[in-house]
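Lettering follows sequence order; numbering is per chain, from 1.
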Amino acid sequence: MLTFTIRRLVLAVPTLLFISLVIFMLLQLAPGDPMAQVPLTVPPEVKEKMREALGLGAPVHVQFFKWIVQFFWVEPQVLIDHLFGTTFSEGQLRVLSWQTRSPVMDIVVQRLPQTLWVVGMSYVLGVLIALPIGIYSAYRQYSAFDQIGTFVSMVGFSVPTFFTGVLLIVIFSVNLGWFPSIYDTTHKVTDWDSFVFQLRQMIMPVMVLALYNAAQISRFMRASMLDNLNQDYVRTARAKGLGEKTVVLVHVLRNSMIPVVTVIALGVPQVFGGAIITEQVFKVNGLGQLLITAIEANDLPMVQTLTFIFALLIVIFNLIADILYGILDPRIRYD
Amino acid sequence: MTELINQPVPSAPPRSQWRDIWDQFKTHRGALIGGIVFLLIVLAVFIGPWLWPYDPTFIDIRSRNQNPSWAHPLGTDQLGRDMLARMMAGGQTSVSVGITAMLLALFLGSLIGVLAGYFKRLDNLLMRTTDLFLALPLLPLLLVMVLLFREPLNAAFGPETGIFILIVTAIGITSWMPTARIVRGDVLALKEREFVLAARSIGTTNFRMITRHVLPNVMSPIMVSATLGIANAIITESALSFLGLGFPPDFPTWGRLLFDAVDYMQQYPERVLWPGLAISLTVLSVNYLGDGLRDALDPRIRGR
């Protein structure tokens, strides 16, 4: 297991390097000029100096290498400095955004809490809704609950989040006026009233994402439970006189959770990607909104870093899913 | 010998495989309804404009922002364009994008899957490529691709064809991976079967082997991926249009109509409803169709 983990970790390095190269080469084709906003009165030689200051004069491979060094060497040092108060990164150039001229990672850290709150909460909630529904509809297969449950999860899985989001806004903000349609990220929770306000503004984006995730996970949970319910060990457990609750919730559930846990782990990065749309619907200024404004403003270092962070999440969670699968199921042995 | 001759002769001809599949498919009521609904949507969207008198781009500023009436069953938008005509035009684009992108993804996926499964030398390389593609963050990359290539393609093919080619290609080359994996797995299993050995022993070339013996046997997973691929492509295209990075406003798609309607959500909430419902209903029916096909094409379930 350990050798497998180490081998996968080693293999992840060239994968990540290749992905960053793909993103970098794609962005090199960008038609926009970051100097387009500079006033025309600025003389051309000064403009040339500014281009060089942004690192644009250097050949492509030098630019790529510099980005790699900044992202993998300088940024972790900044993190260590921040955590332990050391001064490793002093005087070293960080990845700078062309829009704001401030380090990209600082902006990402500012935006991260909003995304994490909405996305993280919705994923946890989605899993909590999905598991009981999946378990019960598999246990009572073809019952009314199962029929309705599978239909609802099929609908939830088919209706895109940008439609459910807009629909909820129309119903609950425009017609009923219960919840605000715009997420106010400057809001701080200080007392009970502000907490209630935070809850009210979070409820719609969280519900939209949670229902979408719950629909997908409950389908997996149901299928996995159904696979296990007819196994011989279930009959044995019943035959030796175990209660129905123990059979289903201990024996069957523990075995059915193995594939579901890996699916949940694999879903995390996709949820971050899908949150781009939900953030746009509810005007949450999280990572997704940051990416879209960066794309529209031709802010290449920002787009490069954000896209790479999404790729990093995918690779890390793939690894976690593989390792979890090996740990949870002793029959699986990666040689 | 006489014993064999005296055996009762089967009176009915042997049932074909497709007949069995159809029988199984019919028992899945959701799939049947899904298939009918999808066909109706496709027919309405492609034949409807022939019967409906209004042009989706005709601007009648005096009858703008009308509520539903007999003349305009879905009302008119802020420029007085008939919403029903725009919905049908939008559906044409959305469904065509969905089907074309699915065909491209299916072609790429089956090609890579068959090559990887059939030729051992290519297997490692192709599957690592597939893994790499699976590790790419697709929605951010799609956004970047649309932004980068929109201008050059617009210049080369005109705004409508250019963006169509761009979106179909972008969706196609970012969604072939699941098909490739499934097809490779099936081809690997098929390759060890006796009929392949028999075909090889009479000197079948690799090309004939793939087209005659391998591909027909992996048709069922490909067909299931096809239905799921249409759903995925329609949702992705609508999401891109919804983020304002898809088709231009005078060339409506369902996603674009939804995006435009959001600005008028306070006054005319029903304008959000129609395109959203159309997308959801199409995707739902296609997903049900896929579910039914998967059951019907799986010989282990058939007959149960």
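Proximity to chain A (any heavy atom under 4.5 Å) is shown, for B:Y288, by both the backbone and the side chain. With a 4.5 angstrom heavy-atom cutoff, A:L312 does not touch chain B via any of its atoms. With a 4.5 angstrom heavy-atom cutoff, A:F151 touches chain B via backbone and side-chain atoms both. For A:I292, the part lying near chain B is the side chain, with the backbone staying farther off; criterion is any non-hydrogen pair under 4.5 Å. Proximity to chain A (any heavy atom under 4.5 Å) is shown, for B:A231, by neither the backbone nor the side chain. The contact between A:V303 and chain B is made entirely by side chain atoms (from C-beta outward), counting heavy-atom distances below 4.5 Å. Residue A:V159 touches chain B through both its backbone and its side chain, counting heavy-atom pairs closer than 4.5 Å.
No other option in B:V272, B:L138, B:I234, B:V262 has as many heavy-atom pairs under 4.5 Å with chain A as B:V272. The residue among B:G276, B:S285, B:P140 with the most heavy atom pairs within less than 4.5 Å of chain A is B:G276. The residue among B:L281, B:L277, B:D131 with the most heavy atom pairs within less than 4.5 Å of chain A is B:L277. The candidate from A:L167, A:V315, A:I277 with the greatest count of non-hydrogen atom pairs under 4.5 Å with chain B is A:I277.
Here the CZ atom belonging to A:R219 is positioned 5.5 Å from the CG atom belonging to B:D291, to the nearest 0.5 angstrom. With rounding to the nearest 0.5 Å, the separation of OG in A:S158 from CD1 in B:I279 is 12.0 Å. In this structure, A:L16 CG and B:L132 CG are separated by 9.5 Å, a value rounded to the nearest 0.5 Å. Put simply, CG on A:N318 and CG on B:L134 are 8.0 Å apart, with the number rounded to the nearest 0.5 Å. Rounding to the nearest 0.5 Å gives a distance of 5.5 Å between CG of B:L243 and CD of A:Q280. In this structure, the separation between CG on A:L11 and CZ on B:R128 is 7.0 Å, given to the nearest 0.5 Å.
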Using the side-chain contact (heavy atoms from CB on, under 4.5 Å) rule, take A:F163 and B:L273 through it: C-alpha gap first, then chi angles, then the decisive distance, then the call.
CA-CA 8 Å; A:F163 179 48; B:L273 203 62; 4.3 Å; yes

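Closest non-hydrogen pair, B:L258 versus A:F162, comes out as CD2-CD1, 3.4 Å.
Residues B:F242 and A:V281 are in side-chain contact: their nearest non-hydrogen atoms beyond the backbone lie under 4.5 Å apart. In this structure, A:P160 and B:S280 have side chains that are in contact, with non-hydrogen atoms separated by less than 4.5 Å.
The residue from B:L143, B:L141, B:L139, B:L136 that alone fulfils the side chain to side chain contact (heavy atoms under 4.5 Å, CB included) condition with A:T307 is B:L141.
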